[in-house]
*Asks:* 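First the structure, then my questions, so here it is.
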2 protein chains.
Amino acid sequence: MTLDERKLQILETIVREYIQSAEPIGSRTLSKNPKMNISSATIRNEMADLEEMGYLYQPHTSAGRVPSGKAYRLYVDKLMTIMELGGILQDEIKSVYSTYMDEFTEAIQRTARLLSHITSYTAFSTAPQAKYLNCKFIKFILLEEMKVLMVLVTKERIVRNYVITLSQPAEEAALTAVSNVLNICLKDITLYELNDSIMDKLDALSEEERELLLEIIPLLKEILVEEDRQKVYSDGLDKIFNFPEFADIDRAKKFIETLNHQTILAHKLTENIQRDLSIQIGEENVEEAFKDCSVVTATYKIDGKPIGTFGVVGPTRMNYDYVVSVLDFLRKEFNAHISRAINNA
Amino acid sequence: MTLDERKLQILETIVREYIQSAEPIGSRTLSKNPKMNISSATIRNEMADLEEMGYLYQPHTSAGRVPSGKAYRLYVDKLMTIMELGGILQDEIKSVYSTYMDEFTEAIQRTARLLSHITSYTAFSTAPQAKYLNCKFIKFILLEEMKVLMVLVTKERIVRNYVITLSQPAEEAALTAVSNVLNICLKDITLYELNDSIMDKLDALSEEERELLLEIIPLLKEILVEEDRQKVYSDGLDKIFNFPEFADIDRAKKFIETLNHQTILAHKLTENIQRDLSIQIGEENVEEAFKDCSVVTATYKIDGKPIGTFGVVGPTRMNYDYVVSVLDFLRKEFNAHISRAINNA
DNA sequence: GTTAGCACTCTACGTTGTCGAGTGCTAACG
DNA sequence: CGTTAGCACTCGACAACGTAGAGTGCTAAC
């Protein structure tokens, strides 16, 4: 059996209507649709075929049909149309990014809020992974004899602080010397790329300074690992309650639980960081709580390199056309915003 | 009618049992309680009195009785006993604070997690209010010609960064001079107390430096206001689903919505910051979503001054004895932890 | 190949009846 | 006079039952 033109059209209509109504679609309802000028009996036959092919299923005998994950996948891959966002919406998004944001973190948090607001789904965003960030410079501030505050500023204007505990007292001057060496080595590379080339520079340092540097380098690497437990910001957790499929309290509980689990979420959001847009539908999600959800994410980039993501999660019955359109627009706006921020610098 | 000894005992038993079972308590059930050696008929009479006095009510005619807010209030004020925590629990709490935490923010976030974990209620904690923090020092780092990164370190070992945009280019040396003046003026006082005394020091500065300082001071004050939109960390949002009174999806939605509202929450948590422990029961809460919840908060202090809070929220049918015991212990441990951190410095 | 018609299925929903827990009232008891 | 046993009554929870309506699959006719 093949998916001919008519079957496709029927399937598309079912998906569209079901996304709207959340109610199983029956043959009679469908035949009333102005686009359909075939009888309900014919549609019944076609629907039976589509069910056999795995695109539809019935919650129970004598109910209408509901699209399966396979149907949504087909819809998303072949039938969906990305539309241009309305001017008002475009303006709203742009205005968020027009007020200049000094703090990158703030921009990424606001993006989650904006996203949830305009899509009415639960949204989230991830802070950039440390390994992808380009150092601008490192500065050390002596807090106490054995404690040093390291301030790390990246090209993307992300500021991070780390308190480092040393094994022996350090002096202000030595710290300055060490930071100078580090700043030269790290110029325009990521912390991740910091390699042994730094050893060449050791000659310029005094014995004491060298020891200090050798103590600090492993700590830098440690921070990297630490940081990979990535921060995730979410917004609109309550939005999930607007969907009848989550009226069941157990399901809602599982959902909220999972969304509060930073580690799971961080992994979920970055597994497709290589793609500009990624859509995962129902069973395609490995996480138990997302098996009846769809997750759509977009990747943001710096200098063409993907460094973080944002996205929404909602029922599989998601308004994919709209969500994808919004995410694609937002992705471009956000990239533009970052690049403005960096080049302004 | 007066609350005699027997009425009190009956009321106490009802509260205790209802907290356990979440089911209305009937006279027969109560008469079976070993502590009660009066018949169910007598209890019925007493219950009728207690209802008339406003301590109990019936969900419907032929149901048992349920404690009112007034009953919980009486229970909490007069009948409850704070117990000593079990040794294992004490150890668990202490171990969290024994690993030295460099970042204050981390400690406060972990406290929320710990609290939710050991009480099984939704927990939260607030970061300290900027106005209560004691400056240790301020440092400026020149990012670009017109942009300065201000690093603020407090005695409590809280590190904050702010990017400041200047009206005209600044030089490294001028920034150092300005930070020196500020560091002297702010020594051991809070940002909030920063007053005009600073004007006396202006003589020591060059014209250029003076202008810079005058530009930075208002920004400092602005940060103060900004910061008063206080950060709140929460944990165990999903815990609320464990209570049958929140099985209703609308109620759960309202709850999650409110808990995601930083501003409301921040206000809620700090309104009783002057008290070591505060308990708000049901209708005593002004927030709509908390009208059938109880909120218990504890205040943490530095040098005897209250600077922030943490606490839990759950159904009015809350295990007050346990929660208060935990919060009181945690409060003391946390205070001790902070004071260790500061004095170690 | 398409459609009308029909018997069939299953859920949602309202009705009805029963059970049990709990109450208030009254009368009797110590 | 406070306490208690007894009794009639109330009400929600729950199961059983019946009906309405939406939808299906199959068959026969177009």
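Values below: all heavy atoms of this structure, side chains included; hydrogens, waters and symmetry mates excluded.
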*Asks:* Any side-chain N or O of A/Ser27 less than 4.0 Å from the OP1 or OP2 oxygen of D/dT24?
*Replies:* yes
*Asks:* Check every strand shown and say whether B/Thr29 touches a base, only sugar-phosphate, or nothing at a heavy-atom separation below 4.0 Å.
*Replies:* sugar-phosphate
*Asks:* In whole angstrom, give the distance that lies between atom CG of B/Asp49 and atom P of C/dG24.
*Replies:* 10 Å
*Asks:* Please give, in whole Å, the distance from C/dT2 P to A/Met36 CE?
*Replies:* 14 Å
*Asks:* Describe the nucleic acid contact of A/Ala63 in one word from base, sugar-phosphate, nothing, applying a heavy-atom distance below 4.0 Å.
*Replies:* sugar-phosphate
*Asks:* Once hydrogens and angles are ignored, does a donor-acceptor distance under 3.5 Å link the base of C/dG24 to the side chain of B/Arg44?
*Replies:* yes
*Asks:* Where each residue is assigned the nucleotide of DNA chain D containing its nearest heavy atom, which of A/Arg28 and B/Arg6 is assigned the position nearer the 5′ end?
*Replies:* B/Arg6
*Asks:* Roughly, in whole Å, what's the span from NE2 in B/His60 to C1' in D/dT10?
*Replies:* 10 Å
*Asks:* Whole angstrom is fine here: how far is it from CD1 in A/Ile38 over to P in C/dT3?
*Replies:* 7 Å
*Asks:* Take atom CD of A/Glu52 and atom C1' of D/dT24, then tell me their distance rounded to the nearest Å.
*Replies:* 15 Å
*Asks:* Over how many whole Å does the gap from A/Asn45 atom CG to D/dG23 atom C1' extend?
*Replies:* 14 Å
*Asks:* Given D/dT24, D/dG23, D/dC11, identify the nucleotide with an atom nearest to the side chain of A/Met47.
*Replies:* D/dT24
*Asks:* For the residue pair A/Tyr233 and A/Phe310, is the inter-centroid distance of their aromatic rings smaller than 6.0 Å?
*Replies:* no
*Asks:* If you look at every heavy atom in A/Thr2 and A/Lys7, which pair is closest and at what distance?
*Replies:* O-CD, 3.7 Å
*Asks:* For C/dT9, take OP1 and OP2 only and decide whether either is under 4.0 Å from a side-chain N or O of A/Thr61.
*Replies:* no
*Asks:* For the side chain of B/Thr29 and the backbone of B/Ile25, is there at least one donor-acceptor N/O pair under 3.5 Å apart?
*Replies:* no
*Asks:* Who is the Watson-Crick or G-U wobble partner of D/dC17, with both distances under 3.5 Å?
*Replies:* C/dG14
*Asks:* If the threshold is 4.0 Å, N to carboxylate O, is there a salt bridge linking B/Lys268 and B/Glu271?
*Replies:* yes
*Asks:* Can you tell me which nucleotide in C/dT3, C/dT9, C/dG22 comes closest to the side chain of A/Thr42?
*Replies:* C/dT3
*Asks:* Quick check on DNA chain C: between A/Asn37 and B/Pro24, whose nearest nucleotide comes earlier from the 5' end?
*Replies:* A/Asn37
*Asks:* With hydrogens left out and only the distance checked, is there a donor-acceptor pair under 3.5 Å joining B/Ser62's side chain and the base of D/dT10?
*Replies:* yes
*Asks:* Partner lookup for D/dA29, please. Criteria are Watson-Crick or G-U wobble with both distances under 3.5 angstrom; report none if nothing qualifies.
*Replies:* C/dT2
*Asks:* Separation of A/Ile10 atom CD1 from C/dT2 atom C1', in whole Å?
*Replies:* 13 Å
*Asks:* Is a salt bridge present between A/Asp321 and A/Arg16, judged by a nitrogen-to-oxygen distance below 4.0 Å?
*Replies:* yes
*Asks:* Starting from P on C/dG22, measure out to CD1 on B/Ile43 and report it in whole angstrom.
*Replies:* 12 Å
